[in-house]
A.B. asks: 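Just passing along the structure, written as C-alpha cells.
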Amino acid sequence: MSRLSFEGVRKDFGRVTAVAEFDLKVDSGEAIVLLGPSGCGKTTTLRMVAGFERPTEGQIRIGSNLVAGPNVFVPPSRREVGVVFQSYALWPHMTVADNVGFGLTVRRRRSGAKRSANLGGRVARALEQVRLDEMGSRYPHELSGGQQQRVALARALVTTPRVLLLDEPLSNLDSRLREEMRLEIRRLQREFAITMIYITHDRTEALALADRIVALNAGNIQQVGPPKDLYRAPGNRFVARSLGSANFLPGVIQDGPDQPAVRLGTGQLLTGVVDAGSQRRPGDVVTLCVRPPDLELSPLDGPMTPWSGVVRDAVFLGDEVHYLVDVPALGEPCRVVDRGIRPLARGARVSVAVAKGGASLLADDSRDADGHLLEPEDETDLPPPAAPPVHRPSHAR
Ligand SMILES: Nc1ncnc2c1ncn2[C@@H]1O[C@H](COP(=O)(O)OP(=O)(O)OP(=O)(O)O)[C@@H](O)[C@H]1O
Ligand SMILES: [Mg+2]
C-alpha cells in the first residue's frame, strides 16, 4: 500500500489556483522531489500534507488514513509528519538536545502523556542519526549553518514521522555545505527507509535526492518519473529545461527499414527515437530534445547551409568546452558541451550532428520551455536538408 496518496487534490486561494489537479501515490520509503519554479505550488502541496492548509477539492491519505477530504480534516498534530522548513528557526536559548526534544515534549503534553523517561534516549538517537551525537549540550550559535540544519532535521526525525516533508531546507547554506547535506539527507532517507517529500527548485538537488521527481508548472504536474527518465526523455520543453540545458531540434518522421526514423534538417537520419507504438506518421514534424553533450561539432568542409553553424562563443572549463553555436535554421543557438580535445575557435564554421542515442522525441511539443503555447508557425516548414557538398573536378572550372 502506498504510504501517501493524493487524489484529485486542488487548492485555490481566492481566484488563484495554487495547485490544479494533483494525483500521486508515494510508496513507503520512497523519496519524492517536487521540482518547479517559484510560485508553482510546491509549498502549498506540502502544507496540505502537513495539515497547515485544507485542499479545496480532492483527498489526501497517509497510510490508510484519510487525513483531508470532503468533511474530513485531521489536524497537523495528529498526522505524524515531520517538517523541515527553509528557515529552520532553532530556539537560541535552548541547547541542541533541548531543541530536538522540544517537539516531542509538546506532542506528549498535547496527547496528555507524562514526560517519558525515554525522551533522552530518543533525542540521543535522533542526534546520532544526523551525526551530531557529540553536540547535544551546545547552543545553536555554537554551530555552523550545516550543523544547525542537521538539528532541524533531527527535530523532525525524533518524532519518528510516517512522512518527512522538507521545504527547500538547504537554500540558506553555501554550495559546499549544500552538497554535503544533500548526501547526508539521502543517506538518512535510504538507511531508515523514510518516506520523504522534498521541495526544491534546484535541479542538481532533485536529481541527487529523488527516487522520482514530480515536475510542476503553474500548479500542474508535467511529468513524474525517475531522475534519469526525466533527464533523458522529458515529455515537453518545460521538463527538459527544468532538468538541465537542452536543444530542441525539429525533424520529420520518415519510413525506415525496421521502424520509423527522424530526419533532421542537416540530413542526418536518426533511428531508435520513435517508439514502436508511436502514433507518429511519415511526414509529421516532430521536436527532438538533445542534451549539450550529445551534440557533436566538426569543422565544416563545404559550403554553409541554413543547418551549418558558426561558433559564437567557446568557454574553456578545463575538462570541458562549452560552445554556443549559431545555426540559422534554428530560433536559438545550440548549446554544445565537448571534451575539448581539439577546441574550436570563435567564428569557426561547423557542422552539427546528434550522437548515437543522444536524442529523444518530445511527447508534447506545443509549448515553449516556460509552458506557454507556441505559435503554430513555429512548428511547421522545416528548412530543406543541407545539400551534400559539391566536389567539382578542377578541370571543370
Ligand atoms: N495563503 C495564501 N494566500 C493567497 N495566495 C497564496 C497563499 N499561499 C500561496 N499562494 C499563492 O499560491 C501560489 C503557489 O504558492 P506556493 O507557495 O505553493 O509556491 P512555491 O512553488 O512554493 O514557490 P517558491 O519556490 O517561491 O517557494 C502562488 O501564486 C502564491 O502566491
Ligand atoms: Mg515555496
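Remember, predicted model here, so these are calculated numbers, not experimental data. Order of listing sets the numbers, starting from 1, for every ligand and every atom in it.
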A.B. asks: Just say parallel, tilted or perpendicular for the rings of W91 and F102, cut-offs at 30° and 60°.
C.D. replies: perpendicular
A.B. asks: Any donor-acceptor pair under 3.5 Å linking the side-chain atoms of R150 with those of Q147?
C.D. replies: no
A.B. asks: List the steps, then state whether salt bridge (Lys or Arg N to Asp or Glu O under 4.0 Å) holds for R212 with E30.
C.D. replies: CA-CA 8 Å; R212 282 187 300 157; E30 190 178 24; 2.6 Å; yes
A.B. asks: With no hydrogens and no angle check, do the side chains of S298 and S351 hold a donor and an acceptor under 3.5 Å apart?
C.D. replies: yes
A.B. asks: Among protein atoms, how many N/O/S atoms lie less than 2.8 Å from the Mg ion (ligand 2)?
C.D. replies: 1
A.B. asks: As a quick check of understanding, evaluate salt bridge (Lys or Arg N to Asp or Glu O under 4.0 Å) for E191 and R131, giving each step before the final call.
C.D. replies: CA-CA 13 Å; E191 194 173 326; R131 301 186 174 165; 5.6 Å; no
A.B. asks: Please tell me if the side chains of D294 and R232 come closer than 4.5 Å, counting only heavy atoms from C-beta onward.
C.D. replies: yes
A.B. asks: Report yes or no: is the cationic atom of R79 (NZ for Lys, CZ for Arg) closer than 6.0 Å to the six-membered ring centre of F73, at no more than 45° off its axis?
C.D. replies: yes
A.B. asks: Is the shortest side-chain N to carboxylate O distance from D211 to R186 below 4.0 Å?
C.D. replies: yes
A.B. asks: Any Lys/Arg nitrogen of E184 or R187 sitting under 4.0 Å from an Asp/Glu carboxylate oxygen of the other?
C.D. replies: yes
A.B. asks: What does the 4.0 Å heavy-atom contact list look like for ligand 1?
C.D. replies: F13, V16, A18, P37, S38, G39, C40, G41, K42, T43, T44, E168
